[in-house]
Amino acid sequence: MKRILKGGFICVVVFLFVCPLVFITSNAAVAAKSVKIGNIIPLSGPSASVGVQGKDAREMAVEEINNAGGIKSLGGAKIEMVYVDSKSDPTVGVTEAERLINSEKVHLLTGCWNSAVTYPTSQVAERYGIPFIVPVSVRDTITERGFKYVFRIAAKDSWWTRDQFRFLKDMEEEFNVEIKTLAFVYENGDWGTGFAAGWKKLAKEFGYEVVLDEPYPSTASDLSPVVMKMKKANADVVMLVSNAADAILLTNSMAELKVRPKAVIASGGGHADPKFLDNCKKNADYIFDEVEWETDLGKPGVKEINAKFKKKYGYNLAGESVDAYASMYVIADALERAGSLNPKKIRGALAETKLDSGPAMIVSYDAIEFDKDGQNKIAGIVIVQIREMNGKMDRITVWPKNARRSGYTPVFPMPAQ
């Protein structure tokens, strides 16, 4: 009996001395971990400008999250970002996704801005069971394949096109202007063709005649032939989907060739890029642009966060970069609730996301909450008008009407030259 007690006593003593070391070692291991996020974005090629903006926005958010103590449920783990250049090429995106998962051992993936890249790349993530967060790639079918690991923050194509037509009808009624004919001009990738498919369906539903349906390669160095077709079609309204370089080319060519419809309605992307106004200046006057966000939104935190971003990088946030910024807070929120780097647990936390406060809420809508397909069901858009105000080109929120900048009345139709 004494031997047993003695042995038991020794075991207890060993347990008391050894186990704290086990706990300390375990906690230290957790504290030393980082959360590795793979970012597949265009850093060269036709979409490089918006890719760089998204990278800057991610970096600022991650810096804020890490400086605030990292992921506390993981012992203060810091977020570590790994960036790769998709070059707007689907094949590159797929190859890099495989490498990030298998070689870099990332815990999550995010990207890719170009819908044509996001669509196959997110399929790779789904196959491996790695959560993939899509800040803004709008092709509807990205979240319509029954996938469980893909989550999109932005509104999808069909919502954007739907609201463009609602806006157009509202303008007709508000200003008593009749619109009969439309011209569709769009880049020929997944993004543009997805929009065009929605436009065609809605044009029929709303009773408009389509007099031009013109896809073009966004890598083109001369789009004057496309603009000549616009001039010949003489549509009441021109609707555009463009990257930065082609948005600039189209706008300046339209001014040069005196293409002056009643309205031009763009779809974010290149028209929302800060370089667009720098390169088009007054040629962009009166254009309407659809985006998820604008600097004049009257929401808490918008002014302060944008001012911080502008001081840091020298330009304003835009809709796409705001989504990228918010996506990092969505990831951080899910990681805190998951308390684990297990992909299934992270996926489960993302699926239960109901984020309605904090820095992520500088988005134009009131919350981020995913439906069963991984689509943020509360995502929304706004429409701005570009105007020269006090000698400077400005972007002014005009729709929905309850979000319109106080004291501003949209100009519709566009004045004749």
Side-chain angles (χ1 to χ4, degrees), residues 33-63 65-66 77-139 142-143 147 149-154 187 189-191 218-219 243-245 269-270 273 313 318 320-332 334-335 341 343 346-347 350 374:
K33 285 181 180 177
S34 64
V35 182
K36 216 169 183 182
I37 300 177
N39 299 264
I40 305 170
I41 51 179
L43 297 172
S44 63
S47 305
S49 179
V50 77
V52 170
Q53 292 166 48
K55 181 177 183 290
D56 289 345
R58 287 172 171 88
E59 286 292 295
M60 190 171 93
V62 167
E63 183 181 86
I65 293 163
N66 285 342
K78 298 294 191 285
I79 293 176
E80 178 186 347
M81 304 290 270
V82 181
Y83 294 98
V84 296
D85 181 8
S86 71
K87 303 177 183 178
S88 298
D89 184 328
T91 302
V92 173
V94 167
T95 301
E96 289 292 4
E98 294 270 3
R99 185 182 67 80
L100 287 168
I101 292 168
N102 293 315
S103 299
E104 294 286 349
K105 306 296 182 185
V106 297
H107 302 106
L108 302 98
L109 284 171
T110 183
C112 303
W113 197 78
N114 303 96
S115 289
V117 181
T118 301
Y119 188 81
T121 303
S122 56
Q123 190 169 337
V124 173
E126 182 73 15
R127 188 170 73 246
Y128 281 98
I130 296 295
F132 192 109
I133 291 77
V134 182
V136 54
S137 293
V138 294
R139 177 175 170 176
I142 287 170
T143 53
F147 286 0
Y149 284 81
V150 178
F151 299 87
R152 175 167 50 198
I153 291 168
E187 64 89 29
D190 274 9
W191 178 36
S218 61
T219 52
N243 291 303
D273 190 311
Y313 298 109
E320 286 87 348
S321 49
V322 164
D323 284 328
Y325 176 85
S327 71
M328 295 297 105
Y329 278 96
V330 169
I331 290 170
L335 288 167
L341 293 179
I346 297 172
R347 184 263 160 203
L350 283 165

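Values in this document were obtained by computation on a predicted structure and should not be read as measured data.
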Quick one: does any side-chain atom of [X] pair with a main-chain N or O of [Y] as donor and acceptor, under 3.5 Å?
| X | Y | result |
| --- | --- | --- |
| N243 | S47 | no |
| T143 | G374 | no |
| S327 | A324 | yes |
| K36 | V82 | no |
| D85 | L43 | yes |
| S321 | G54 | no |
| S122 | Y119 | yes |

| Checking side chain to side chain contact (heavy atoms under 4.5 Å, CB included) for the pair L350/V330: CA distance, chi angles, key distance, verdict? | CA-CA 8 Å; L350 283 165; V330 169; 4.1 Å; yes
I'd like to check [X] versus [Y] (side-chain heavy atoms, cut-off strictly below 4.5 Å). Are they in contact?
| X | Y | result |
| --- | --- | --- |
| F132 | L109 | yes |
| R152 | T118 | no |
| N114 | W191 | no |
| E320 | D323 | no |
| C112 | P42 | no |
| E59 | M81 | yes |
| T110 | M328 | yes |
| E187 | P46 | no |

Where is the tightest heavy-atom contact between [X] and [Y], given as atom of each residue plus distance?
| X | Y | answer |
| --- | --- | --- |
| P131 | I346 | CG-CG2, 3.9 Å |
| A77 | S34 | CB-CA, 4.4 Å |
| L108 | I133 | CD2-CD1, 3.6 Å |

| said: According to ring-ring contact (aromatic ring centres under 6.0 Å, His included), who are the partners of Y149, at least two apart in sequence or on a separate chain? | reply: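 Testing Y149 for ring-ring contact (aromatic ring centres under 6.0 Å, His included), a comparison that skips the adjacent residues, returns none.
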Gap separating the [atom1] atom of [X] from the [atom2] atom of [Y], nearest 0.5 angstrom:
| X | Y | atom1 | atom2 | answer |
| --- | --- | --- | --- | --- |
| I79 | H107 | CD1 | NE2 | 12.0 Å |
| R139 | S115 | CZ | OG | 7.5 Å |
| E96 | I101 | CD | CD1 | 11.5 Å |
| I142 | D190 | CD1 | CG | 8.0 Å |
| I41 | R58 | CD1 | CZ | 5.0 Å |
| L335 | I37 | CG | CD1 | 6.5 Å |

| message | Hydrogens and angles aside, do Q53 and S49 bring a side-chain donor and acceptor to less than 3.5 Å of each other? | response |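 Note: Q53 and S49 side chains meet the donor-acceptor criterion.
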| said: Could you work out, with salt bridge (Lys or Arg N to Asp or Glu O under 4.0 Å) as the rule, every residue matching K55, not counting sequence neighbours? | reply: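 Scan of K55 (salt bridge (Lys or Arg N to Asp or Glu O under 4.0 Å), adjacent residues dropped) gives none.
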| Set of residues satisfying side chain to side chain donor-acceptor pair (under 3.5 Å) with respect to Q123, sequence neighbours excluded |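 Q123: no side chain to side chain donor-acceptor pair (under 3.5 Å) contacts found.
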